[in-house]
Amino acid sequence: MKIRPFRETDASAAVALWRDCGLIRPWNDPYKDIERKSHCQPELFLVGNLPADSQGADVLVATAMAGYDGHRGSVYYLAVAPGHQQMSLGRALMEEVEQRLLALGCPKVNVLVRTSNASVLSFCDKLGYARDDAFSLGKRLIPDI
């Protein structure tokens with residue numbers, strides 16, 4: 001898998017991947033999330049591609065949207081295409097994210113995973129991530145819908 005920063009031309013494939021992985025929610029417009037990320041540390045929005053398909057185009061099979069605020073790193077939209085899971089692609093992508101955050105001086109990374117997503121919680125456990133004794137609270141400042 002080749003890991004590189006997201007490009008604008010990846011948007012449709014990334015959103016389709018997120019949909020396939022159950023990451024899309026009605027109150028979040030994924031295209032708006034992509035647009036917002038393009039203005040804030042876009043180099044930390046990574047995609048993983050496998051070699052060309054029958055039409056000669058690389059196939060986007062993984063994403064991770066990361067950020068660093070000077071205190072902690074965060075990872076969102078961590079996804080690997082269902083047909084490509086259990087192949088260490090997610091592990092490779094997370095290792096790249098961690099290296100990029102570490103290069104920025106980031107001391108700790110938080111991965112946001114829905115409590116109902118047992119398979120990703122198990123995946124994160126295997127990577128050494130532990131559940132923090134904290135809640136993630138949210139308040140929408142700009143509605144997407």
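Side chains are part of it too, since the values below use all heavy atoms of this structure and drop only hydrogens, waters and symmetry mates.
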Might you point out which heavy atoms bring [X] and [Y] nearest each other, and give the distance in Å?
| X | Y | value |
| --- | --- | --- |
| A14 | F6 | CB-CE1, 4.3 Å |
| P5 | V47 | O-CG2, 4.3 Å |
| V80 | A62 | CG2-CB, 4.1 Å |
| L23 | A79 | CD1-CB, 3.8 Å |
| Y68 | L44 | N-CD1, 4.2 Å |
| C21 | Q85 | SG-NE2, 4.4 Å |

[Y] side chain reached by [X] side chain, heavy atoms, under 4.5 Å:
| X | Y | result |
| --- | --- | --- |
| Y31 | V15 | yes |
| N110 | D132 | yes |
| P107 | R72 | yes |
| L78 | F123 | yes |
| V120 | R114 | no |

Using side chain to side chain contact (heavy atoms under 4.5 Å, CB included) as the criterion, list what pairs up with N28, not counting sequence neighbours.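 Side chain to side chain contact (heavy atoms under 4.5 Å, CB included) list for N28, sorted by chain: D33, Y77, R140, D144.
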
In Å, rounded to the nearest 0.5 Å, how long is the span from [atom1] of [X] to [atom2] of [Y]?
| X | Y | atom1 | atom2 | result |
| --- | --- | --- | --- | --- |
| K126 | L121 | NZ | CG | 12.0 Å |
| I3 | R100 | CD1 | CZ | 8.5 Å |
| R131 | D125 | CZ | CG | 4.5 Å |
| L89 | H84 | CG | NE2 | 7.0 Å |
| Q99 | L104 | CD | CG | 11.5 Å |
| L101 | E96 | CG | CD | 10.0 Å |

As a quick check of understanding, evaluate salt bridge (Lys or Arg N to Asp or Glu O under 4.0 Å) for D58 and R4, giving each step before the final call. CA-CA 12 Å; D58 285 350; R4 62 165 172 76; 6.0 Å; no

Examine [X] and [Y] and state if one hydrophobic cluster contains both, with Ile, Leu, Val, Met, Phe, Trp and Tyr joined whenever side-chain heavy atoms are less than 4.5 Å apart.
| X | Y | value |
| --- | --- | --- |
| V113 | L46 | yes |
| V75 | L17 | no |
| Y129 | V97 | yes |
| M94 | F45 | no |
| M65 | L60 | yes |

Are there more than 12 heavy atoms of other residues, nucleotides or ligands under 6.0 Å from atom CD of E43?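 Counting neighbours around CD of E43, more than 12 heavy atoms of other residues, nucleotides or ligands fall under 6.0 Å, so yes.
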
Can a donor-acceptor pair be found, under 3.5 Å and without considering hydrogens, that links the side chain of K37 to the backbone of A66?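 Judged by distance alone, yes, a pair lies under 3.5 Å.
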
